[in-house]
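Quick note: numbers below take in every heavy atom, side chains included, and nothing from hydrogens, waters or symmetry partners. Numbers here are sequence positions counted from 1. In this text, all values refer to a predicted model and were calculated from it rather than measured experimentally.
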Amino acid sequence: MSALPSLLETVRRDAVEALQSSLNAMCDGADDALFDMSQKAPADEQGLYYDAMRELRLRRQALVSGFVEAVGADFDSVAGVARRAKAEPAAAFSLDSLTLVGEDELDVSVALQAMVVRARDAMLADLEHLRLRFAKVLTREVAAEQLPLHPERICEHFRAGIDALKVPVKARLILFKLFERKVLDELHDVVAAANQSLVSSGVLPDIKSSRPRPRQVAVREGGGGAPASHVDEATATAVLGELLALARGALGGGFGGGGMLPGGGAPLPLAQLQVGQLPVIVNGQAMVDGRLVQSDVPLVAVPRVELTALLTRLQQMQPVAGPGRVIEHGDVIEDAEVIEASRIDVKGELSGLIREEDAPRALNSADDDVINLVSMLFDFILDDAELPSEMKALIGRLQIPLLKVALLDKAFFADEEHPARRLVNALARAGIGWSRESDDGLYARMEQVVYAILNDFADDLSLFSRLGDDFADFVAERERRMSMIEARLRDREEGHARTEEAQRLVRDAVASRIGGRTLPAEVVNVIQEAWQRVLQLTAVRDGADSEAWLQRLKVLEVMVWCAQRYERPDLRERQRGLVPRLLVSLRKGFEATGFDAARGEALLAALNTQLLSLAGGAATRTVRVVAEAPKEAAPVAGEAVQVLRRSDDEVVIAASAPPPPPAAPTDEHWLNLADGLTPGSWVEYHEEDFKVRGKIAAKIKAQGKYVFVNGRGVKIFEKTVPQLAVDLQGGSARLVSDTALFDRALETMISRLRTGTAAGG
């Protein structure tokens with residue numbers, strides 16, 4: 001195949017160098033971290049950390065070189081370039097592979113998955129831009145998870161290296177934490193630099209926000225305790241200016257109260273302003289809805305500091321609302337009512353507070369623009385289809401606090417990692433699968449966060465960071481519990497699937513070998529009572545391709561052969577010679593499965609008598625065996641070889657019914673979409689007024705089905721891939737997006753504004 005494109009070769013070289021440097025820095029600090037842990041550990045555990053230090057020193061070079069080589073190989077892989085003499089790629093880890101393992105190992109997998117989620121969420125936009133640019137260079141579609149710099153790929157390679165070390169679980173967790181701090185935290189810069197490298201080469205330069213992340217630069221206009229922003233002031237100002245210009249253009253230049261509208265009419269006397277109308281100072285003149293406001297006394301704009309104080313009063317005046325308030329006498333209020341009750345007319349509320357003062361006042365046009373921009377943003381949030389209504393209503397109560405953030409910190413709209421935005425996104429992501437029926441205390445915890453902001457936020461922007469960190473810890477612990485529950489469910493479902501498949505194999509194997517034959521009843525008894533269990537356990541433990549399975553099928557075939565009456569002396573002689581060895585094999589199988597010894601010996605004694613009689617040429621009592629598909633499928637816990645009917649001369653056993661023709665969508669796109677879903681994806685089903693959301697907890701590959709759970713990890717339904725594809729195509733099911741709520745609302749708003757601007761032009 002062709003070599004890696006030169007543009008991507010440059011990206012690979014720079015990325016590998018940066019990641020290698022970060023990983024070496026992590027290893028440099030690992031000694032100190034492990035030593036500190038050894039000093040804090042009980043005496044009987046200190047040796048574990050010393051051993052881990054020694055192991056890391058000895059194998060550090062192999063760890064770093066293996067990691068670097070794996071990252072480099074991913075560039076070739078995504079580009080379809082063949083590599084020679086390379087090791088097998090690191091095994092992917094994901095929630096789908098999280099089976100029922102020891103608690104320590106489960107902690108490792110959960111910790112790694114949490115690392116991936118945090119890193120991915122911190123760079124969603126830049127990853128998407130990099131994906132688009134890779135696709136442009138390679139002239140084909142590229143999935144985000146295929147990107148060599150995707151956090152999941154990076155974590156996979158590091159875990160593969162750590163798994164090769166003889167390091168105890170506690171020490172591994174420390175190394176993973178160091179990796180997150182020293183490597184994953186720097187990965188955002190590596191991804192941004194990769195984007196910039198491609199932009200410099202002319203690859204999709206019009207995608208705006210793919211840029212190296214500036215170091216912590218505080219950007220704010222007032223207040224105390226501001227968190228450092230990830231964007232510089234010039235960028236923050238430019239982004240805010242673009243948004244405001246776009247909004248004004250979409251609304252014909254009359255965004256908010258500013259701008260003289262065509263046909264605005266005669267000046268409006270101040271005394272005639274309606275309740276809720278609030279003048280805005282534009283170019284030194286007071287205006288309302290494009291009309292000048294006539295006043296005997298010049299109106300003065302409310303200073304920014306006083307405006308934030310008024311907004312603080314408003315946010316603390318909001319009534320308490322929780323799930324219980326949307327239920328009256330057992331009847332749930334319509335979702336639309338919940339949402340409409342959550343909409344806040346900020347300027348209307350402000351006008352009431354300002355009217356209480358002696359001197360009439362107005363808003364500064366810049367403040368009015370921001371108020372309108374945030375109001376529009378929350379309209380999109382409240383109209384978002386991805387969140388339950390109660391969750392949208394709860395998050396909607398943050399409109400006034402976030403308006404204050406936007407007034408205090410101009411980086412709010414430009415910085416994707418702004419603490420206030422990250423907190424909103426975290427609340428929304430946690431609430432995607434919430435329902436009253438599955439609530440496990442999540443709503444109450446989110447309500448605590450929201451009302452802590454409403455009660456405590458004045459102008460200290462660092463409050464969002466503190467609350468965000470606390471909520472992240474809560475979510476991490478909740479996800480850990482959920483992962484354990486889902487792992488057990490996944491293990492149980494996979495066990496059921498293996499059992500069902502084993503039963504089908506045994507049923508088909510037995511039906512094909514004895515169906516339609518005439519056999520001694522003792523042979524049927526041995527198979528139905530005992531040997532089918534031996535076969536089933538072998539299929540579950542070793543699989544249908546194993547030597548053990550083939551050997552035990554051979555025992556079944558020998559037993560059936562020995563159960564025939566032969567006229568030829570040589571065949572009867574062979575029959576007599578096989579019977580003792582057959583009994584030994586049957587007895588060993590019984591013992592291996594723990595079959596009741598007394599019952600087993602009784603079955604073998606009766607079988608021995610009949611088989612030796614046949615070998616001696618005597619006639620024996622026989623029954624005809626008929627294999628018949630049952631009307632209802634056998635239960636998972638039932639026997640594979642079920643006797644449906646029995647008489648003196650006939651035994652009817654269950655055979656596998658032909659599977660029903662699978663549902664199939666008319667468009668293969670839907671089948672590919674359904675088949676590509678991974679554990680953690682949410683799907684919403686709706687019929688008339690009833691909706692239910694389920695998260696994929698497991699994909700049972702043997703049966704081609706997904707198992708769905710609710711927000712508490714309780715199984716609620718399952719769907720095969722074709723069934724889900726048909727439902728998605730038909731509209732009775734839809735995928736629920738878990739992308740960042742704030743970013744999604746902002747993108748939707750910008751898209752609508754652009755459409756409005758184009759239409760207006």
_Under 3.5 Å donor-acceptor, Asp727 side chain and Gly730 backbone_ = no
_Residues which pass side chain to side chain donor-acceptor pair (under 3.5 Å) with Ser681, listed by chain and number, not counting sequence neighbours_ = none
_Rounded distance [0.5 Å steps], CE in Met26 versus CD in Glu186_ = 14.0 Å
*Heavy-atom closest contact (Thr593 atom, Val534 atom, distance)*: CG2-CA, 3.7 Å
*asked:* With side-chain contact (heavy atoms from CB on, under 4.5 Å) as the criterion, how do Thr499 and Gln536 come out once you've worked through the C-alpha distance, each side chain's angles and the decisive distance to 0.1 Å?
replied: CA-CA 8 Å; Thr499 299; Gln536 183 170 316; 3.9 Å; yes
_Spacing of Met123 atom CE and Leu187 atom CG [to the nearest 0.5 Å]_ = 4.0 Å
*asked:* Between Glu128 and Arg131, does the salt bridge (charged side-chain N to carboxylate O under 4.0 Å, His left out) criterion hold? Intermediate values first, please.
replied: CA-CA 5 Å; Glu128 175 61 12; Arg131 185 190 70 78; 2.8 Å; yes
*Kindly give the heavy-atom pair with the smallest separation between Trp682 and Gly433, and that separation in Å.*
CH2-CA, 3.2 Å
*Arg712: partners by salt bridge (charged side-chain N to carboxylate O under 4.0 Å, His left out), with sequence neighbours left out*: none
_If I take atom CG from residue Asp126 and atom CG from residue Leu149, how far apart are they, to the nearest 0.5 angstrom?_
11.5 Å
*Sub-3.5 Å donor-acceptor pair from the side chain of Arg490 to the main-chain atoms of Ala697, do we have one?*
yes
*Glu156 and Glu152, any side-chain heavy atoms less than 4.5 Å apart*: yes
*Where is the tightest heavy-atom contact between Leu489 and Gly713, given as atom of each residue plus distance?*
CD2-O, 4.3 Å
*Let me see the working for Val68 and Leu19 under side-chain contact (heavy atoms from CB on, under 4.5 Å), right down to the final yes or no.*
CA-CA 8 Å; Val68 166; Leu19 290 171; over 6 Å; no
*asked:* On a heavy-atom basis, which atom in Gly711 and which in Asp440 lie closest, and how many Å separate them?
replied: O-OD2, 4.2 Å
*Side-chain contact, heavy-atom cut-off 4.5 Å: Arg397 with Tyr451?*
yes
_Whether over 12 other heavy atoms sit under 6.0 Å from Lys182 NZ_ = no
*Between atom CZ of Arg422 and atom CG of Asp415, what is the distance when rounded to the nearest 0.5 Å?*
9.5 Å
*Student check: side-chain heavy atoms of Gln723 and Lys705 closer than 4.5 Å*: no
*Are any side-chain N or O atoms of Arg693 and backbone N or O atoms of Ile432, one a donor and one an acceptor, separated by less than 3.5 Å?*
yes
*Quick one: list whatever passes salt bridge (charged side-chain N to carboxylate O under 4.0 Å, His left out) with Asp508, sequence neighbours left out.*
Arg504
_Would the distance check show the side chain of Arg153 and the main-chain N or O of Leu147 forming a donor-acceptor pair, the cut-off being under 3.5 Å?_
no
*Could you point out which residue of Val424, Asp469, Leu402, Leu398 forms a side chain to side chain contact (heavy atoms under 4.5 Å, CB included) with Phe464?*
Leu402
*Does any N or O in the side chain of Lys392 come within less than 3.5 Å of the main-chain N or O of Leu382, such that one atom is a donor and the other an acceptor?*
yes
*Could you check if a side-chain atom of Leu394 sits within less than 4.5 angstrom of a side-chain atom of Leu427, using non-hydrogen atoms only?*
no
*What is the minimum heavy-atom distance between Ile716 and Gly694, and which atoms define it?*
CD1-CA, 3.8 Å
*Any chance you could measure Leu175, atom CG, to Ile162, atom CD1, to the nearest 0.5 Å?*
5.0 Å
*asked:* Does any part of the side chain of Glu437, heavy atoms only, come nearer than 4.5 Å to the side chain of Asn710, both counted from C-beta?
replied: no
*Apply side-chain contact (heavy atoms from CB on, under 4.5 Å) to the pair Ser435 and Val692, showing each step before the final yes or no.*
CA-CA 9 Å; Ser435 67; Val692 61; over 6 Å; no
_Check this for me: does any side-chain nitrogen of one of Lys177 and Glu180 sit under 4.0 Å from a carboxylate oxygen of the other?_
yes
_Please determine whether side-chain contact (heavy atoms from CB on, under 4.5 Å) holds for the pair Thr748 and Asp383, giving the CA-CA distance in whole Å, both sets of side-chain angles, and the decisive distance to 0.1 Å._
CA-CA 11 Å; Thr748 303; Asp383 290 337; over 6 Å; no
*Compare all side-chain heavy atoms of Val183 with those of Phe158 and state whether any distance is below 4.5 angstrom.*
no
*For Asp545, look at atom CG and say whether over 12 heavy atoms of other residues, nucleotides or ligands are found less than 6.0 Å away.*
no
*For Ala33 against Ile174, the heavy-atom pair lying closest together*: CB-CG2, 4.1 Å
*Side-chain donor or acceptor of Lys699 paired with backbone N/O of Asp675 under 3.5 Å*: yes
*Taking side-chain contact (heavy atoms from CB on, under 4.5 Å) as the test, write out the residues that go with Glu477, two or more places apart.*
Arg480, Arg481
*With sequence neighbours left out, what residues match Glu386 under salt bridge (charged side-chain N to carboxylate O under 4.0 Å, His left out)?*
Arg734
*Does the side chain of Leu535 come within less than 4.5 Å of Trp549's, by heavy atoms?*
yes
_Which residues pass the ring-ring contact (aromatic ring centres under 6.0 Å, His included) test with Phe67, not counting sequence neighbours?_
none
*Using atom types as modelled and distance alone, determine if a side-chain donor or acceptor of Ser438 lies under 3.5 Å from a backbone N or O of Trp434.*
no
*For the atom pair NE2 (His496) and CD (Glu718), what is the distance rounded to the nearest 0.5 Å?*
10.5 Å
*Is the cationic atom of Arg445 (NZ for Lys, CZ for Arg) positioned less than 6.0 Å from the six-membered ring centroid of Phe474 and within 45 degrees of its normal?*
yes
*Are any of the side-chain heavy atoms of Lys691 and Glu684 separated by less than 4.5 Å?*
yes
*Look only at the side chain of Asp743 and the backbone of Leu746, and say whether a donor-acceptor pair between them is shorter than 3.5 Å.*
no
